[in-house]
Novice: 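This is the structure, below, for whatever I ask next.
The figures that follow rest on heavy atoms only: side chains count, while hydrogens, waters and symmetry mates do not. All ligand and atom numbering here is 1-based and tracks the order in the structure.
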Amino acid sequence: MLGAGFTGLTAALRLLQTGQEVTVFEKESEVGGLAAGFKDLSWQWTLEKAYHHWFTNDASVLNLAKELNHPVAIKRPRTDVYVNGKAVPFDSPSTIISFPYFSLTDKLRTGLGALFLKLLPNQKLLEGQKALPWIRKVMGAKSTKLIWDPLFDGKFGKFKEEIALTWFWARIKKRTPSLSYPEGGFQTFLEKLADEISKLGGDIKLRTKVSAISHQSSARYAARRVVRLQLKTKDKKQITQNFDKAIVTLPSPIFAKIASGLPKDYIKRISSIPHLHTLNLILILKKPFLNGTYWLNITDQSFPFLVLAEHTNFMDPQHYGGQHILYIGNYLPPDHPYLKMTAEELLKVFDPYLSQINKNYKLSILNCKLFIAPFAQPVVTTDYPKLIPQFQTPLKDVYLANLDMVYPWDRGTNYAIEMGEKIAKLIVSR
Ligand SMILES: Cc1cc2nc3c(=O)[nH]c(=O)nc-3n(C[C@H](O)[C@H](O)[C@H](O)COP(=O)(O)OP(=O)(O)OC[C@H]3O[C@@H](n4cnc5c(N)ncnc54)[C@H](O)[C@@H]3O)c2cc1C
C-alpha cells in the first residue's frame, strides 16, 4: 500500500480483515495525509493541519468510527458569509429567507435553486453544464454577485467559469447544518485506525518514501511478487522490495512520475486534471476571534483569503488548554507567491483584513503555524468525468485509488474510506 491517508489505511484494514498480508509505506512521520494533525503540549486533543469536520450523513466514516468504538461529537455550529463588512448567517432555508441583502425575489430564486439541487437524487441530469452560468440563470444576478461568484473565484480562481454544475450539486446535496467531529481530533482517530491495522498484523512503515514502481514481467517473476517498489527508508537507505500487488493512493501526477512503463496517453490523461494547493495559516489565540461563528465564507473579493474557520467555536476550547484556534484558509494554484512565504510574511499580508473583522486580535496571538499541501483540490470541470482514472492501471497488479476518483462527490474522508473499501473488495475478488 502506498500512502497512509484515509484511503490507504481503510484499504489496508479491509484487506487484513480478509486474511491478506499488507505493508503500508508512508513518506511522512505520521499517518493521515491531508487529514493529519498535530498536538501542542498543553492540548488534550489533536488539531488538523487543515480544518476538517464530517457531515452527519457521512455514513462510511461514521460506520468506521462505530466499528473502532470511537466517540463522535455532533454539533450545530454557525456558518456565515462575510458580506458588506458583516458576518451574516447563510446555511439553511431560514437564513436565506432572513438574508438582509436579498429582495424577496432573490430569496425565492436562491432558495428554490438550492432546494432543486438538494432534492435531485443524483447528478446525471446536470452533467455537461457549468455551475456559474446555471447559478446566474436560476438564482439570479444579485445572489451570484454577492455570494456565489466571489466563492467560486476564491476557491477556483481562473477556473471559476469552467466548474461543473455537478460539483456544486454535490456540495449542496451533501451539506448538513449539523456537523460531526471525532473526539480527540482526526489524528487521534487515524492513530486508532493505524493501531487496529497493526493488531491485525499489518506493517505501517513511516518516513519511507516510494520513489519508483515497476512491473517485473519476465518469466523469473511470473508467479508472484511482480511489483517492484524502490524505497527511500527513514535512515536514508535506498532499497527495493517486491510485492504481488500494489495499491497507490498518491496523487495521480506523482504516480505518473514514479511509475515506469505507463503508456504516454495514460500519463497525459491522468496528469491533465488541474489541482490546487491548500494553504492554512493557523492562529492560536488567547481570546475568540469571531463572535460565535465557526465558519465564515469571505465574499469580499478584495480579501486575500477565502475562509476563516474558528475551530474552537465548533469544539470546546478546553480541549486545547483554553486556547482559541482560527484557520485562515486558501486554495491556490501551484505558482502562487503566497506558497513561498513564511507564516510571519503571510500574517503581515492578511493583517489589515483580519483587523477589519476583529481590530484587537493581534494582542491575543500566542502562536502561528503554517501548513501547505499540494494536490489538495482537483478542479472539477465539465470534462472531468472523461478524465477520471480507473482503479486498474496499465501496469498489471498495480492499482490507483485517490481523491480524483470520488466524483460526483467532492473530495472528503468519507469518500476516501468508501474508496479504500471498494479497492480492497476488488483486490480480494481477483
Ligand atoms: C483544506 C482541506 C479541507 C478539507 N476538509 C475536509 C473536511 O472537512 N472533511 C473531510 O471529510 N475531508 C476534508 N478534506 C479532504 C480529506 O482530507 C481528503 O479527502 C482525504 O484525507 C484524502 O485521503 P487520501 O488517503 O485519499 O489521500 P491523502 O490524504 O493525500 O493520502 C495520500 C498519502 O500518500 C502519502 N505519499 C505521497 N507521496 C508518497 C510517496 N512517494 N511515498 C509514500 N507515501 C507518499 C502522503 O504523505 C499521504 O499521507 C479536506 C482537505 C483539504 C485539503
Novice: Verify, without hydrogens or angle tests, whether N330 (side chain) and L332 (backbone) share a donor-acceptor contact under 3.5 angstrom.
Specialist: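 Such a contact is absent between N330 side chain and L332 backbone.
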Novice: What part of K209 sits under 4.0 Å from ligand 1 if we count only heavy atoms: the side chain, the backbone, both or neither?
Specialist: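 It is both backbone and side chain that touch ligand 1.
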Novice: Report the nearest protein non-hydrogen atom to atom 32 (C) of ligand 1: residue, atom name, distance rounded to 0.1 Å.
Specialist: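 So the nearest neighbour among protein heavy atoms is T249 O, 3.7 Å.
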Novice: With heavy atoms only and a cut-off of under 4.0 Å, state how W54 meets ligand 1: side chain, backbone, both or neither.
Specialist: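 It is the side chain that gets close, since no backbone atom is under 4.0 Å.
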Novice: Regarding T312 and Y294, is there a side-chain donor-to-acceptor distance under 3.5 Å anywhere?
Specialist: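 Y294 and T312 do not have a side-chain donor-acceptor pair below 3.5 Å.
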Novice: Before accepting this row, confirm whether a basic side-chain N of the pair R207/E28 lies closer than 4.0 Å to the acidic partner's carboxylate O.
Specialist: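 Between E28 and R207 there is no salt bridge, as every charged N stays at least 4.0 Å from the carboxylate O atoms.
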Novice: Among T413, N414, L179, T176, which one satisfies side-chain contact (heavy atoms from CB on, under 4.5 Å) with W54?
Specialist: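 Running side-chain contact (heavy atoms from CB on, under 4.5 Å) over T413, N414, L179, T176 with W54 returns exactly one hit, T413.
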Novice: Please report whether ligand 1 has a polar contact with F6, defined as an N or O pair separated by less than 3.5 Å (distance criterion only).
Specialist: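 N/O-N/O distance below 3.5 Å exists for this pair.
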Novice: Once the angle between the rings of F55 and H53 is folded into 0 to 90°, is it parallel (under 30°), tilted (30 to 60°) or perpendicular (over 60°)?
Specialist: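 F55 vs H53 ring planes: tilted.
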Novice: Out of E30, K27, H52, whose heavy atom sits nearest atom 17 (O) of ligand 1?
Specialist: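 That would be H52.
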Novice: Is there any N or O on E26 that sits under 3.5 Å from an N or O of ligand 1?
Specialist: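 Yes, at least one N or O pair falls under 3.5 Å.
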Novice: For E28 and ligand 1, does the shortest N/O to N/O distance drop below 3.5 Å?
Specialist: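 Checking ligand 1 against E28, no N or O pair falls under 3.5 Å apart.
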Novice: What protein heavy atom is closest to atom 25 (O) of ligand 1, reported as residue, atom name and distance in Å?
Specialist: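 Protein heavy atom with the smallest distance to atom 25 (O) of ligand 1: T7 N, 2.9 Å.
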Novice: Can you tell me which portion of T413 lies within the under-4.0 Å heavy-atom range of ligand 1? Options are side chain, backbone, both, or neither.
Specialist: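 Answer for T413: both.
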Novice: Of the protein's non-hydrogen atoms, which lies at the shortest distance from atom 30 (O) of ligand 1, and what is that distance?
Specialist: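 Going atom by atom, the protein heavy atom closest to atom 30 (O) of ligand 1 ends up being L34 CG, 3.6 Å.
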Novice: If you measure from each non-hydrogen atom of L250 to ligand 1, which part falls under 4.0 Å: side chain, backbone, both or neither?
Specialist: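 Just the side chain.
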Novice: Which is it for I284 and H324 under the side-chain contact (heavy atoms from CB on, under 4.5 Å) test, yes or no, and what are the steps along the way?
Specialist: CA-CA 6 Å; I284 298 156; H324 298 264; over 6 Å; no
Novice: With V398 as reference, evaluate L2, L262, V248, L229 under the side-chain contact (heavy atoms from CB on, under 4.5 Å) test and give the passing residue.
Specialist: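 The single option meeting the side-chain contact (heavy atoms from CB on, under 4.5 Å) with V398 is V248.
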Novice: Could you say whether the N/O atoms of L403 and ligand 1 ever approach to under 3.5 Å?
Specialist: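 N/O-N/O distance under 3.5 Å: no.
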Novice: Mark yes or no for whether H311, through its side chain, and A309, through its backbone, hold a donor-acceptor pair below 3.5 Å.
Specialist: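 Between the backbone of A309 and the side chain of H311 there is no qualifying donor-acceptor contact (under 3.5 Å).
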Novice: Do ligand 1 and G412 have nitrogen or oxygen atoms that lie under 3.5 Å from each other?
Specialist: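 Among all N and O atoms of G412, at least one is under 3.5 Å from an N or O of ligand 1.
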Novice: In ligand 1, which numbered atoms sit nearer than 4.0 Å to a non-hydrogen atom of T208?
Specialist: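 Taking each heavy atom of T208 in turn, ligand 1 has 43 (C) under 4.0 Å.
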Novice: Just which atoms of ligand 1 are under 4.0 Å from any heavy atom in F25?
Specialist: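 Here the atoms of ligand 1 in question are 43 (C), 44 (N).
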Novice: Could you walk me through whether Q238 and S211 pass side-chain contact (heavy atoms from CB on, under 4.5 Å), step by step?
Specialist: CA-CA 9 Å; Q238 294 277 3; S211 48; 4.0 Å; yes
Novice: Could you tell me whether the side chain of Y407 reaches within less than 4.5 Å of the side chain of Q123, counting heavy atoms only?
Specialist: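 Q123 vs Y407: side chains touch.
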Novice: Once the angle between the rings of Y181 and W45 is folded into 0 to 90°, is it parallel (under 30°), tilted (30 to 60°) or perpendicular (over 60°)?
Specialist: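 Taking W45 first and then Y181, their aromatic rings lie parallel (interplane angle under 30°).
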Novice: Just to be sure I read this right, does ligand 1 sit under 4.0 Å from the backbone of D58, its side chain, both, or neither, counting only heavy atoms?
Specialist: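 D58 to ligand 1: no contact under 4.0 Å from either part.
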Novice: For ligand 1, indicate whether the residue Y51 contacts it via side chain, backbone, both or neither (heavy-atom separation under 4.0 Å).
Specialist: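 Both backbone and side chain.
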Novice: Please list, in number order, the atoms of ligand 1 under 4.0 Å from a heavy atom of G3.
Specialist: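 What qualifies from ligand 1 is 33 (C), 34 (O), 35 (C).
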